[in-house]
2 protein chains.
Amino acid sequence: MRPGTHRPSVPLEHRHVTRRIPQARDRGIPDATVARLPLYLRALNGLAERGTPTVSSEDLAVAAGVNSAKLRKDLSHLGSYGTRGVGYDVQYLIYQISRELGLTQDWAVAIVGVGNLGRALANYGGFASRGFRIAGLLDADPAVVGDRIAGLVVEHTDELESVIAGRAVSIVVIATPATAAQHVCDRVTEAGVTSILNFAPVVLNVPEGVDVRKVDLSIELQILAFHEQRKANGGPIMAEEWPDGVEQVNERSIGASS
Amino acid sequence: MRPGTHRPSVPLEHRHVTRRIPQARDRGIPDATVARLPLYLRALNGLAERGTPTVSSEDLAVAAGVNSAKLRKDLSHLGSYGTRGVGYDVQYLIYQISRELGLTQDWAVAIVGVGNLGRALANYGGFASRGFRIAGLLDADPAVVGDRIAGLVVEHTDELESVIAGRAVSIVVIATPATAAQHVCDRVTEAGVTSILNFAPVVLNVPEGVDVRKVDLSIELQILAFHEQRKANGGPIMAEEWPDGVEQVNERSIGASS
DNA sequence: CTCACTTTGTGCGTAGCTTCACAAAGGCAC
DNA sequence: GTGCCTTTGTGAAGCTACGCACAAAGTGAG
């Protein structure tokens, strides 16, 4: 290896897209805010279904599970869409957030890997309702190719490039085994895709300008386990040694000042 | 940071938690660090399989897709487990991280909701290999109860409390429809569960001390769409008004020609 | 019109996270 | 042992995000 010349290939956390030209019109919305907009959108849709015409930041914040000041600041990044003394018009805000997130247009999504997870995703209703249209299901296993799932026929991964090009796929979901993920990733990025949602438990290496978001079930459970352990015995067991007792006394209280 | 505290910041933005009990014990490991430990663990396991005895922070950082300084600081929160001039002993570090995360013990997990997603989760191999044992599958639909999935027989949700108590379930995965999620959540927290992994697209309301982590497929796609839109047309078009007949019809220049 | 009341939008202090850069610590050759 | 080289562990600086608290802006009654 060559230490020193490594590139932080793909951040787990989505970070700013690579080229951040400080334009005059720097409409940069903080990533943390972007991540919460879908949450607000969902809460707003719930209100809309019940016919609520307007909502205060306080009520919406409760519905979305966040602090109301944070919500107001988030929304202020989109513009000044509220009315003081009244609140926000539900329908109008839904439209504005949708537009900002790009949900007013249709996104063609392809799912690669039609195992259990891929099937679950294909059948998940939450996509279609938000402007995401599943345009293709692909798998490398001939036994699966040809199956009909959620109204689509599974195609072979040989067709990957032509499906992407032919159906204007702009987002690819990788739900393959870990071993195949990087190869699929290489092919789809090569084909021009710049947004990937990865369910495979690997760190994908992508060219600049490609966004990867990762969902990892195992990691979520491990984080829960950490907190559960904390709650259970007020901190990890103080057996800092190897099971059979090596030394390496760990005094990590030193220098731990904030 | 105290137990039970997730601070919303970035990484996989599915987090939302409840309370921050300012308990004593400043042995807190930053949440951001905890969220990355599983990543390091996976990278280390990969190295271990290939027989690598030691690894430098630089190499491990590359494998995990993070900055090496960050990795070192993260590890320093666990203790001083490296050797200057050499690096980290792979096996030893695996053990230390596992212990810190609580993976040296066995966690009984119950999955509620055996739809497409629940099945996928039940069949997902990544759990068992990390100390998570699926101890129960439950569903409210009589048509599903009795099915055998991944070696387990699906039980009716009526049995929820007895399954949790009888099999020492400490983590519950909610994979039900959104409408049922809060009810299930209430019952499992009432039964003493304090760690929940929620796949339902709702904000769960939980008592203090209960950790909820959320995975939301739709939200991930929406965040990708936002960035994709940015890349496509350098920011949303300035049609701030209602579609009033004139919507921002900017069909993104399709064609994989990019 | 004026006043009382509601709710937004935001300045600001603070806390936490990331990254740099370097001294300290250990191994290795001889 | 001595000196050189590698790599860790961490102070310190810079960013980003959070949330309080309040002025500004709007509503509605009389």
Side-chain angles (χ1 to χ4, degrees), chain A residues 1-4 6-8 11-16 20 28-36 40 53-62 64-89 92-93 96 248 250-258, chain B residues 1-2 5-11 13 15-17 20 22 26 28-37 40 53-62 64-90 92-93 96:
Chain A
M1 316 284 173
R2 269 179 309 158
H6 102 277
R7 290 225 147 281
L12 169 64
E13 48 265 289
H14 74 305
R15 43 172 216 192
H16 271 315
R20 228 180 155 311
I29 298 180
D31 285 345
T33 293
V34 172
R36 282 187 295 265
Y40 305 153
T54 64
V55 65
S56 70
S57 64
E58 185 60 39
D59 291 351
L60 184 54
V62 169
V66 303
N67 175 300
S68 71
K70 180 153 60 180
L71 183 140
R72 286 197 299 277
K73 187 157 289 186
D74 282 345
L75 294 184
S76 78
H77 284 112
L78 310 192
S80 230
Y81 297 141
T83 306
R84 295 173 193 230
V86 176
Y88 300 89
D89 181 284
Y92 186 57
L93 196 52
Q96 289 298 347
Q248 180 107 22
N250 143 309
E251 278 298 337
R252 42 148 273 106
S253 17
I254 312 173
S257 56
S258 317
Chain B
M1 187 122 304
R2 297 107 206 136
T5 306
H6 296 334
R7 276 297 76 219
S9 49
V10 146
E13 200 44 53
R15 62 196 17 312
H16 156 59
V17 187
R20 102 190 73 246
D26 194 24
I29 297 179
D31 285 344
T33 294
V34 173
R36 282 186 295 265
L37 290 180
Y40 304 153
T54 63
V55 66
S56 70
S57 63
E58 184 60 36
D59 291 350
L60 184 54
V62 170
V66 302
N67 176 301
S68 71
K70 180 152 60 178
L71 184 141
R72 286 197 299 277
K73 185 151 284 186
D74 282 345
L75 294 184
S76 78
H77 284 111
L78 310 191
S80 225
Y81 297 141
T83 304
R84 294 174 194 231
V86 176
Y88 300 90
D89 181 285
V90 172
Y92 187 57
L93 197 51
Q96 290 298 345

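Residue numbers begin at 1 in each chain, while the letters A, B, ... track the order of the sequences. Below, each value reflects all heavy atoms present in this structure, side chains not excepted, and no hydrogens, waters or symmetry copies.
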Specify the separation, in whole Å, of atom CG of A:Asp74 and atom P of D:dG19.
-> 10 Å
Indicate yes or no: at least one non-hydrogen side-chain atom of A:Arg72 is less than 4.5 angstrom from one of A:Ser68.
-> yes
With the side chain of B:Ser57 defined as its heavy atoms from C-beta on, choose the nearest nucleotide among D:dT8, C:dT10, D:dA17.
-> D:dT8
Roughly how many Å is it from NE2 in B:His77 to C1' in C:dG16, rounded to a whole number?
-> 10 Å
Result for 5'-nearest mapping on DNA chain D, choosing between B:Gly85 and B:Leu75, is B:Gly85
Residue A:Arg84, side-chain heavy atoms: nucleotide from C:dG27, C:dG9, C:dA21 that is nearest = C:dG9
For the side chain of A:Arg72, counting heavy atoms from C-beta on, which of C:dC17, C:dT10, D:dT7 is nearest?
-> C:dT10
Rounded to the nearest Å, what distance is computed from the NZ atom of residue B:Lys70 to the C1' atom of nucleotide D:dG11?
-> 19 Å
Side chain of B:Asn67 (C-beta onward), nearest among C:dC20, C:dC17, D:dT7 | C:dC20
Roughly, in whole Å, what's the span from CG in A:Leu60 to P in C:dT7?
-> 14 Å
Do any side-chain nitrogens or oxygens of A:Ser80 fall under 4.0 Å of OP1 or OP2 in C:dG9?
-> yes
Respond yes when some side-chain nitrogen or oxygen of B:Tyr88 is under 4.0 Å from OP1 or OP2 of D:dT6, and no when none is.
-> no
May I have the distance from B:Glu58 (atom CD) to D:dT6 (atom P), rounded to whole angstrom?
-> 14 Å
Here the pair of heavy atoms bringing A:Ser57 nearest to A:Tyr88 is CB-CE1, 4.0 Å
Touch class at under 4.0 angstrom, heavy-atom based, for A:Ser68 against every strand present = nothing
Student check: side-chain heavy atoms of B:Asp89 and B:Thr83 closer than 4.5 Å = no
Heavy atoms, side chains only, cut-off 4.5 Å: are B:Leu37 and B:Leu78 in contact?
-> yes
Candidate nucleotides C:dC17, C:dT10, C:dC22, ranked by approach to the side chain of A:Ser76 - the nearest | C:dT10
Find out whether B:Tyr40 and B:Leu93 are in side-chain contact, i.e. whether some heavy atom of one side chain is under 4.5 Å from a heavy atom of the other.
-> no
Atom-to-atom span, CG of A:Leu78 to P of C:dG9 - whole angstrom | 10 Å
Distance in angstrom units between A:Asp89 CG and C:dT7 C1', rounded = 15 Å
Send over the distance from B:Asp59 CG to D:dT6 P, rounded to a whole Å.
-> 14 Å
Nearest listed nucleotide, side chain of A:Ala69, among D:dG19, D:dC22, D:dA17 = D:dG19
State whether A:Arg36 places a side-chain N or O below 4.0 Å from either non-bridging phosphate oxygen (OP1 or OP2) of D:dC18.
-> yes
For A:Lys73 and for A:Val86, find the nucleotide of DNA chain D with the closest heavy atom, then tell me which residue's nucleotide is more 5'.
-> A:Lys73
